Amino acid sequence: MSSDDNTKGGNFIKAIIEEHNRSGRFDNRVHTRFPPEPNGYLHIGHAKSICLNFGLANDYNGKCNLRFDDTNPIKEEEEYVESIKENVRWLGFDWQDRLYFASDYFDQMYDYAVQLIKHGKAYVDDLAAEQIKEYRGTLKEPGIESPHRNRSIEENLELFERMRKGEFADGAKVLRAKIDMQSGNLNMRDPVMYRILHADHHRTGDKWCIYPMYDWAHGLEDSIERITHSICTLEFEDHRPLYDWFLEQLDVFHPQQIEFARLNLNYTVMSKRKLSLLVRDGYVDGWDDPRMPTISGLRRRGYTPEAIRDFSERIGVAKSNSVVDIALLEHCLRDDLNKRAMRVMTVLEPLKVVIENYPEDQEEELEAVNNPEDDTMGKRMMPFSRVIYVEKNDFREEAPRKWFRLAPGKEVRLKHAYYITCKQAIKNEDGEIVELRCTYDPKTKGGWSEDGRKVKGTLHWVSAKHAHQAEVRLYDHLFNTENPDNVQEGQTFTDNINPDSLKILKNCFIEPYLTKAKPGEWYQFLRQGYFCVDSKHTTHKYKVFNRTTTLRDTWARIERSGKKT
RNA sequence: UGGGGCGUAGCCAAGUGGUAAGGCAGCGGGUUUUGGUCCCGCGAUGCGCAGGUUCAAAUCCUGCCGCCCCAGCCA
């Protein structure tokens with residue numbers, strides 16, 4: 001790969017990498033890692049990081065590791081490890097044989113800590129957590145040194161050894177780096193390296209009762225794996241001096257930490273805390289609810305890995321806090337689905353249409369194109385008969401200006417079928433329209449006429465006799481405000497939940513072909529949107545479809561703007 | 001005794017002294033058997049503000065202003 005390819009669509013991280021390649025700092029090697037903590041499910045924000053790390057490795061002919069940063073046994077579980085691996089794989093990335101765990105390095109980290117103690121750069125502190133906090137000082141005042149700061153190396157060595165052996169209770173002692181209690185950077189005020197935690201770890205069991213802190217562990221993990229570029233989010237910028245300090249003291253391989261802005265999206269929330277609250281309090285149907293910004297939610301909603309990767313690329317990478325418009329994500333989705341989704345016909349809110357001049361017992365098979373964007377997807381046959389269903393909102397008793405659809409006296413085209421003209425609308429005793437009586441023009445088979453007569457409206461339909469019933473779930477944004485966290489006093493983000501984020505339609509009709517639809521397939525319901533088979537609620541006999549996203553709807557826009565004026 | 005970052009269009013974002021890329025959103029128009037797709041066109045005399053250096057400044061200097069992060073034995 002030439003460097004021209006790399007600079008295209010450049011970002012500041014690529015600039016740094018290229019500078020390193022010029023200077024030879026890492027021998028032209030690029031090795032990144034995606035380092036999740038296995039304490040929750042991945043979301044679209046993680047996807048950005050995954051695409052970034054694996055993407056850079058790919059761009060520069062390097063490698064990217066999948067590494068679980070499992071240094072806190074209290075929060076971490078095996079269940080999350082599996083789901084994270086599955087998500088990364090689904091997104092289309094391959095860590096090959098480089099699956100690592102921070103816990104695999106616990107022995108080595110312990111040895112490094114001993115080394116630091118021997119150099120007089122770390123000490124065991126007996127101060128209680130509360131006291132450590134007091135001694136740390138504040139943002140504007142310096143901290144003060146712990147009375148145990150100047151213990152002898154021998155004593156520190158012995159105490160640390162006894163910590164490891166389990167001679168002390170949780171919280172009784174910690175190992176601290178001896179740096180600078182005066183530092184303006186609080187991270188440098190003798191940060192804790194090890195805490196005592198008599199807890200079972202999901203991988204190391206009860207082998208350890210002391211566990212390394214993030215700042216101590218992370219740089220070592222990177223160094224051990226010979227990571228060249230350790231990419232993390234902005235809030236770790238203040239930690240970089242500490243990251244560098246540890247590696248310098250140890251005189252080991254020293255990766256470059258680079259920080260970028262995490263992804264924020266409007267109309268949703270991204271924090272682990274809020275996401276789990278939505279699940280726990282039943283606002284959504286689990287972590288994979290199609291309205292959730294989790295990878296599993298997006299997947300169940302019908303998002304494609306390609307769309308998510310395209311999105312990651314288009315949003316760019318920078319250091320300024322920003323909120324990306326979710327419309328961009330949706331655009332990427334439509335862009336991908338437009339090319340790959342088979343077109344089918346379904347009627348979501350049915351209105352019966354009787355074609356009066358079509359023979360009672362006649363049926364025919366009409367040819368339908370599967371995807372006008374892709375001829376290789378071929379054609380299929382659709383049954384047609386005297387009674388069909390069309391969409392309720394494709395009929396208006398009084399046609400507004402520029403209305404191309406059905407109305408008394410209006411002629412429209414049934415896609416792939418015939419032109420029909422509306423003769424009469426039949427109402428029930430409540431005044432609701434329950435049936436349309438139409439006539440068809442037998443000379444317009446296939447949906448066109450030799451006389452060149454213009455018919456502007458084209459409708460989707462389904463033959464009543466041949467249709468199958470199905471459930472369709474229409475999803476909208478989970479929140480009805482751009483920034484759900486922007487609340488008045490006494491309110492919480494859940495007060496901004498969109499009450500109409502899920503609409504379930506149980507009386508929908510689908511064309512016969514769709515009875516074969518399987519989870520994992522993408523369809524465009526003609527004129528309505530992209531849909532997929534729901535993997536959770538669909539049974540052998542009962543199909544449930546999720547609306548992935550709508551099509552752009554110019555008519556809705558015209559009506560909306562018309563109402564405003 | 002405070003430290004670290006960030007400000008380019010409604011939203012992202014390139015740009016690294018030579019006269020403001022691109023995408024999304026929006027608005028017009030064309031094509032169309034999806035009011036879809038596709039195609040064409042439209043937005044910064046200006047880069048947080050004010051000075052300064054220079055033939056030339058979003059880019060360099062000075063001073064302000066605004067926003068974000070940091071006081072876990074979380075990551």
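Convention: sequence-line order gives letters A, B, ...; per-chain numbering from 1. None of the values given here were measured: they were computed from a predicted structure.
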### Task
Check the distance between B/U34's P and A/Leu526's CG and give it to me in whole angstrom.
8 Å
### Query
How does RNA chain B read in dot-bracket, base by base from 5' to 3', with Watson-Crick or G-U pairs under 3.5 Å and | used when the partner is on another strand?
.(((((((.[[[..)..(...]]].(((((.......))))).....[[[[[..)....]]]]])))))).....
### Gap in Å between the two P atoms, one belonging to B/G72 and one to B/A13, rounded
31 Å
### Message
When you compare the side chains of A/Glu349 and A/Tyr389, does any donor N or O come within less than 3.5 Å of an acceptor on the partner?
### Response
no
### Query
So which nucleotide from B/U34, B/G4, B/C38 ends up closest to the side chain of A/Lys415?
B/U34
#### Entry: Shortest side-chain distance from A/Arg552, nucleotide among B/G4, B/C24, B/U37
B/U37
### Task
Dump the intermediate steps for side chain to side chain donor-acceptor pair (under 3.5 Å) on A/Asn370 and A/Arg343, then the final yes or no.
CA-CA 5 Å; A/Asn370 287 335; A/Arg343 273 61 169 171; over 6 Å; no
### Query
Hey, are the side chains of A/Ile13 and A/Leu52 touching, using non-hydrogen atoms and a 4.5 Å cut-off?
yes
Does the side chain of [X] get closer than 4.0 angstrom to OP1 or OP2 of [N] through an N or O atom?
X: A/Arg334; N: B/U37; result: no
X: A/Thr458; N: B/U32; result: no
X: A/His460; N: B/U34; result: no

### Message
Quick check on contacts: within residues 311-321 of chain A, what sits under 4.0 Å from RNA chain B by heavy-atom distance?
### Response
A/Arg314, A/Ile315, A/Val317, A/Ala318, A/Lys319, A/Ser320, A/Asn321
### Task
Measure up the A/Phe545 and A/Tyr523 rings against each other and bin them: parallel (under 30°), tilted (30 to 60°), perpendicular (over 60°).
perpendicular
### Query
A/His239 vs A/Tyr214 aromatic rings, parallel, tilted or perpendicular, using cut-offs 30° and 60°?
perpendicular
Table of protein N/O atoms under 3.5 Å from nucleotides 72-75 of chain B N/O atoms:
from	atom 1	to	atom 2	distance (Å)
B/G72	OP2	A/Arg136	NH2	3.2
B/C73	OP1	A/Arg136	NH2	3.3
B/C73	OP2	A/Arg136	NH1	3.2
B/C73	N3	A/Gly171	O	3.4
B/C73	N4	A/Leu127	O	2.9
B/C73	N4	A/Ala129	N	3.1
B/C73	N4	A/Gly171	O	3.1
B/C74	OP2	A/Arg195	NE	3.0
B/C74	OP2	A/Arg195	NH2	2.9
B/C74	O3'	A/Arg195	NH2	3.2
B/C74	O2'	A/Asn72	ND2	3.2
B/C74	O2'	A/Lys75	NZ	3.2
B/A75	OP1	A/Thr71	OG1	2.7
B/A75	OP1	A/Arg195	NH1	3.3
B/A75	OP1	A/Arg195	NH2	3.0
B/A75	OP2	A/Tyr214	N	2.9
B/A75	O3'	A/Asp69	OD2	2.8

### Query
Looking for any heavy atom pair under 4.0 Å, which part of the strands does A/Glu259 touch: base, sugar-phosphate only, or nothing?
nothing
